[in-house]
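First the structure, in the form of structure tokens, and then the observations on it.
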Amino acid sequence: MKRVKSSGQSMVEYLLLMGVVITLVLTVLNSEAFKKLLGADSSVFDGFRKRIQYTYRHGVNGINENVNYGGGQHDTYYNGKTRFFVPGAEYPQ
Amino acid sequence: MNIASLVGKKQGQSTIEFLATFGIAIIFLFIFIKFSLNVTKGYMIHFATFMASRAYMVADNFSQNPSSTDSNAAQIAQNDIFKKIVSDSSVSAEFISPDQATKKFFVGVVTSFSQKFAFSTGLGGDKVINFISESFLGRTIPYSECVLRSCAAIKGAVPSVNTNCNKNTTVYDNGC
């Protein structure tokens, strides 16, 4: 009985496995979830970007982008509490 | 190439691992390089805005009209200070004069500029980052304002005086 050679088996398995791996990688890269996480519309980097914008402008950690000059509101000076140096409590009389 | 002869050998493992991790490291390195370039430019513009605001606060061309004095001060602060520090012609300071400000404590200089957030849109997003520098030092009282105030004080104190306020007059403690 003539024995069948198996020298090409590993190569075929390698190619099949590579096909599966590449398919999986492309599926992940093209998925909406991945694009939202790290793609062009990345929510992670968008949050990072907004936080840098706010921190650069106001010198304090935050994310609010709305500053209303007309209303006299400005987070650099007052954001729920004053950012000026003031006494923590009234001096005793 | 005999694939079977390669199976079981591990000489290439470290190279593949190195390339895989090096690629990721390079991507993050470029994100932080871009971030550093953005904030470096930003802090220089912070400084230029502050210096322009200082010049805008005190510049006075001794005209008779406060509005023209304000616009002249803005021109001096823009051309002689801000543009000397920031060479990028696409970035300009905006000046909020006492006449324009809805709240008088927002008199000063505002500079807005945009940068790409990352080198690659694939990693880092395709949105721009908007930097805003502000310095609200206000405006000191210009010579023309003093003239108007002094004139009004004289006319108010002595209504019978018919003056067109073309003489140098100092009213005590009027801020001028």
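Labels below follow one simple rule: chain letters A, B, ... track the order of the sequence lines, proteins then strands, and each chain is numbered from 1.
Of the listed residues (A:Val44, A:Ile52, A:Thr76, A:Leu29), the greatest number of heavy-atom pairs within a distance under 4.5 Å of chain B belongs to A:Ile52.
In the hydrophobic clustering of ILVMFWY residues, with side-chain heavy atoms under 4.5 Å counting as a link, A:Phe34 and A:Leu24 come out apart. Transitive grouping of hydrophobic side chains (ILVMFWY, heavy atoms separated by less than 4.5 Å) brings B:Ile26 and B:Ile33 into a common cluster. Transitive grouping of hydrophobic side chains (ILVMFWY, heavy atoms separated by less than 4.5 Å) keeps B:Ile76 and B:Phe62 in distinct clusters. Cluster annotation: B:Phe113 and B:Val128 are assigned to distinct hydrophobic clusters (Ile/Leu/Val/Met/Phe/Trp/Tyr, side-chain heavy-atom contacts under 4.5 Å, transitive). Residues A:Val20 and A:Val12 do not share a hydrophobic cluster, defined by chaining ILVMFWY side chains whose heavy atoms lie under 4.5 Å apart.
Side-chain rings of B:Phe117 and A:Phe48 approach one another, their centers coming within less than 6.0 Å.
One finds the OH atom of A:Tyr56 at 10.0 Å from the CD1 atom of B:Ile129 (value rounded to the nearest 0.5 Å). For the atom pair CZ of A:Arg49 and CG of B:Asn38, the computed distance is 11.5 Å after rounding to the nearest 0.5 Å.
In this pair, B:Phe136 and A:His74 present their aromatic rings perpendicular. The plane angle is above 60°, beyond the 30 to 60° band.
Panel note: side chain A:Gln53, backbone B:Phe131; no donor-acceptor pair is recorded below 3.5 Å.
Every pair passing salt bridge (Lys or Arg N to Asp or Glu O under 4.0 Å) that includes a residue from residues 63-77 of chain B is listed here, sequence neighbours excluded: B:Asp70-B:Arg139.
Contacts of residues 41-52 of chain B with chain A at a heavy-atom distance below 4.5 Å involve B:Gly42, B:Tyr43, B:Ile45, B:His46, listed in sequence order.
Residues that satisfy the side chain to side chain donor-acceptor pair (under 3.5 Å) test with B:Ser68, not counting sequence neighbours, are B:Ser63. Under the ring-ring contact (aromatic ring centres under 6.0 Å, His included) criterion, B:Phe28 pairs with no residue at all, not counting sequence neighbours.
Environment of CZ in B:Phe119: crowded, with over 12 heavy atoms of neighbouring residues, nucleotides or ligands closer than 6.0 Å.
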